[in-house]
Every structure is written in structure tokens, then in C-alpha cells.
J.: 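Sharing a structure here in C-alpha cells format.
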Amino acid sequence: MREVVLPRGDVQLRGTASGSGPTVLLLHAGGEQRSVWTPVAAVLNERNLRTVAYDLRGHGASAGQATTLQAFADDVTAMIWHEPPPLVVVGASLGGLAALAALADPYTARDVAGLILVDVVPIPDSARVRTWLNDRGLAHEHAELVDDILNQPTTIPTPDLPVLLVQAGPDSPLTDTDVTRFRATNPTLTVAQIPTASHLIAHDTPTELAHLIAAQATEWLPS
């Protein structure tokens, strides 16, 4: 296990790399830190996959703050370019939205073998998401970022990029309609469910999530 430092002009992003083999980039949800991926990374490393998990800007040991999704997306682009291709990107909630925005650029997407979204889609029901955040006291705390994400045009990954969506149980802000809408825009979409998990799946059921990631990443990446 080693520390990774990625300079980003005004901030430094700090991460942890572990294991050997093809790379899986792990992007945590808003309000979490890279440590949430530690048990997931352990399983992936046992499956001969290398993992890199960063603290997103303004989280954990990474400096700065961001009020726009584009700032996070630009960071994710830098993370992808920093790794040997091809790699698999895993993004939970905010991390998944940042990955979607980054991978809308075909030049960046060409280095990625597949995308795993953890309880997040590019076309959410804005009203439902706002209600979900308000009920948990999160909308006011991050109001500018929430408005930026929900008010901007939808970001869709390139249609030929394989995508696995891991959907949580009843606590999820996603609806079946959200998933159906996403499937209509991306024929490569595969959906797996962990009904016992809340929206923060990496925190609730890390081992089950890790096995899903490992199986899909092993299929997408060269051995």
C-alpha cells in the first residue's frame, strides 16, 4: 500500500494505491473519504486487481472545495490520465456523477474499459433527489453544489462504454423509472441490486459490493 499525491493546480489530491494487476479507480460518495473503500480494495487485491482510491477535493486529506460538478469531473479526468490504461472506474453517488461527466469526453473514455456506478444515474428525478437530501439535512449544507448538479444538462457516457449500475435497497434516491430511463440511453447497461444496503453501499455492504466489482472488472480488463 502506498500514498499517491496528484497535484491539481490549486489543490493536491491524496489517495492510496494497493495491490497489483489492472487498475480499478475507486471514487467515494460526497461526505465520505477514501477509507470507505479499504475493505473493498482488500477483496479486489486478492482477485489480482490493483486499486487506487482518492479523497475527493474538500474531503479527507485532499485540500480545497468545489461548488461545481465540473471541478470534480476535471479531477477525475486527471486521475484517469495518471493511471496506465485500460482501467475500470467505480463511482459512488457524487463520485459516480463526476465520473460520468469526465467520461462524456471520448478522449478520456478511451482509456476506460468500463464504468461501475454505485446507486447513481445520469438522469435522476431532481425533485426526488432534493427531497431525499432535505430529509437527511444535506441539501442546505451543500446547496450550491446540489443546485449545480441538478440544474445542469444531463451527462451521458459514450454509448459504447460498458456500464454496471449497482442499485441499493428502499433507501435509495433512485427509482425504477430512473433505471429504465438510463437503460434507454445506454444499451450496454447491466443492473445489479443489493437490497439490504442503503444509498452508501460501500459503507453498508462492502464485501458484497466488492465481489460485484471484482467479477465485472475481471471480465472487462485484460488478465
Side-chain angles (χ1 to χ4, degrees), residues 1-18 23-41 50-85 87-105 107-109 111-112 115-122 124 129-130 132-133 136-155 157 173 199-203 206 209 213:
M1 185 178 296
R2 68 180 183 86
E3 188 83 359
V4 180
V5 179
L6 182 60
R8 291 289 299 136
D10 57 330
V11 303
Q12 284 189 332
L13 303 179
R14 294 187 175 272
T16 302
S18 61
T23 298
V24 178
L25 175 63
L26 302 167
L27 306 169
H28 63 74
E32 293 189 325
Q33 298 181 21
R34 59 179 146 157
S35 58
V36 74
W37 294 114
T38 299
V40 174
R50 174 177 173 269
T51 58
V52 180
Y54 284 93
D55 288 329
L56 300 181
R57 65 167 56 214
H59 294 71
S62 292
Q65 62 180 14
T67 55
T68 66
L69 180 61
Q70 190 60 51
F72 288 103
D74 290 345
D75 289 344
V76 172
T77 297
M79 294 174 195
I80 292 171
W81 289 355
H82 191 254
E83 300 301 328
L87 67 156
V88 165
V89 177
V90 180
S93 197
L94 174 59
L97 292 171
L100 284 164
L103 294 174
D105 172 23
Y107 183 75
T108 302
D111 288 342
V112 175
L115 171 65
I116 298 176
L117 295 171
V118 183
D119 212 44
V120 64
V121 296
V129 170
R130 284 189 186 278
W132 189 92
L133 292 169
R136 289 155 181 80
L138 300 173
H140 179 72
E141 182 179 355
H142 306 286
E144 195 168 351
L145 177 60
V146 169
D147 287 344
D148 179 73
I149 290 172
L150 295 181
N151 292 337
Q152 67 177 287
T154 299
T155 302
H199 177 60
L200 300 177
I201 297 177
H203 176 272
L209 176 60
I213 294 171

J.: Show, in sequence, the C-alpha distance, side-chain angles and deciding distance for W37 and Y54, and conclude whether the ring-ring contact (aromatic ring centres under 6.0 Å, His included) test is met.
T.: CA-CA 10 Å; W37 294 114; Y54 284 93; over 10 Å; no
J.: Scan the side chains in residues 94-102 for donor-acceptor partners under 3.5 Å anywhere in the protein, sequence neighbours excluded, and list what turns up.
T.:
none

J.: Between atom OG of S35 and atom NE2 of H203, what is the distance when rounded to the nearest 0.5 Å?
T.: 9.5 Å
J.: Can you list every side chain to side chain donor-acceptor pair (under 3.5 Å) pair that touches residues 6-15, not counting sequence neighbours?
T.: R8-D75, Q12-R14
J.: Is it the case that the side chain of H28 and the backbone of L56 share a donor-acceptor pair, with hydrogens and angles ignored and the cut-off at 3.5 Å?
T.: yes
J.: Is there side-chain contact between L27 and V90, with at least one heavy-atom pair below 4.5 Å?
T.: no
J.: Determine whether a donor-acceptor pair (N or O, by modelled atom type, separation under 3.5 Å) exists between the side chain of D111 and the backbone of P85.
T.: no
J.: Can you find a heavy atom in the side chain of V89 that is under 4.5 Å from one in the side chain of I80?
T.: yes
J.: Under the side chain to side chain contact (heavy atoms under 4.5 Å, CB included) rule, collect the residues that match up with T68, sequence neighbours excluded.
T.: Q70, A71, D148
J.: L25 versus V88: any side-chain heavy-atom pair under 4.5 Å?
T.: no
J.: Can you see which heavy atom on L150 is nearest to which on P124, and at what distance?
T.: CD2-CG, 4.4 Å
J.: Looking at W132, does the NZ or CZ of R130 lie under 6.0 angstrom from its six-membered ring centre and within 45 degrees of the ring axis?
T.: no
J.: Can you tell me how far the CD1 atom of I213 sits from the CD1 atom of I116, to the nearest 0.5 Å?
T.: 5.0 Å
J.: May I ask you to decide if A104's main-chain N or O and T108's side chain share a donor-acceptor pair within less than 3.5 Å?
T.: no
J.: Output the distance between atom CG (L103) and atom OG1 (T77), rounded to the nearest 0.5 Å.
T.: 7.5 Å
J.: Going by the rule side chain to side chain donor-acceptor pair (under 3.5 Å), which residues pair with S62 if we only count those two or more places apart in sequence or in a different chain?
T.: none
J.: Using side-chain contact (heavy atoms from CB on, under 4.5 Å), reason through L209 and V118 one step at a time and then give a plain yes or no.
T.: CA-CA 9 Å; L209 176 60; V118 183; 4.3 Å; yes
J.: Could you work out, with side chain to side chain contact (heavy atoms under 4.5 Å, CB included) as the rule, every residue matching A17, not counting sequence neighbours?
T.: R2, V4, R50, V52
J.: Just how far is it from atom CD1 of I149 to atom CZ of F72, taken to the nearest 0.5 Å?
T.: 7.5 Å
J.: Using the rule given for salt bridge (charged side-chain N to carboxylate O under 4.0 Å, His left out), can you reason through D74 versus R57, listing the C-alpha separation, both sets of side-chain angles and the distance that settles it, and then say yes or no?
T.: CA-CA 11 Å; D74 290 345; R57 65 167 56 214; over 6 Å; no
J.: Check whether any side-chain N or O of D55 sits under 3.5 Å from a backbone N or O of R34 as a donor-acceptor pair, and report yes or no.
T.: yes
J.: Do the side chains of V5 and L13 get nearer than 4.5 Å, heavy atoms only?
T.: no
J.: With sequence neighbours left out, write down each residue that passes side chain to side chain donor-acceptor pair (under 3.5 Å) with S93, or none if nothing qualifies.
T.: H199
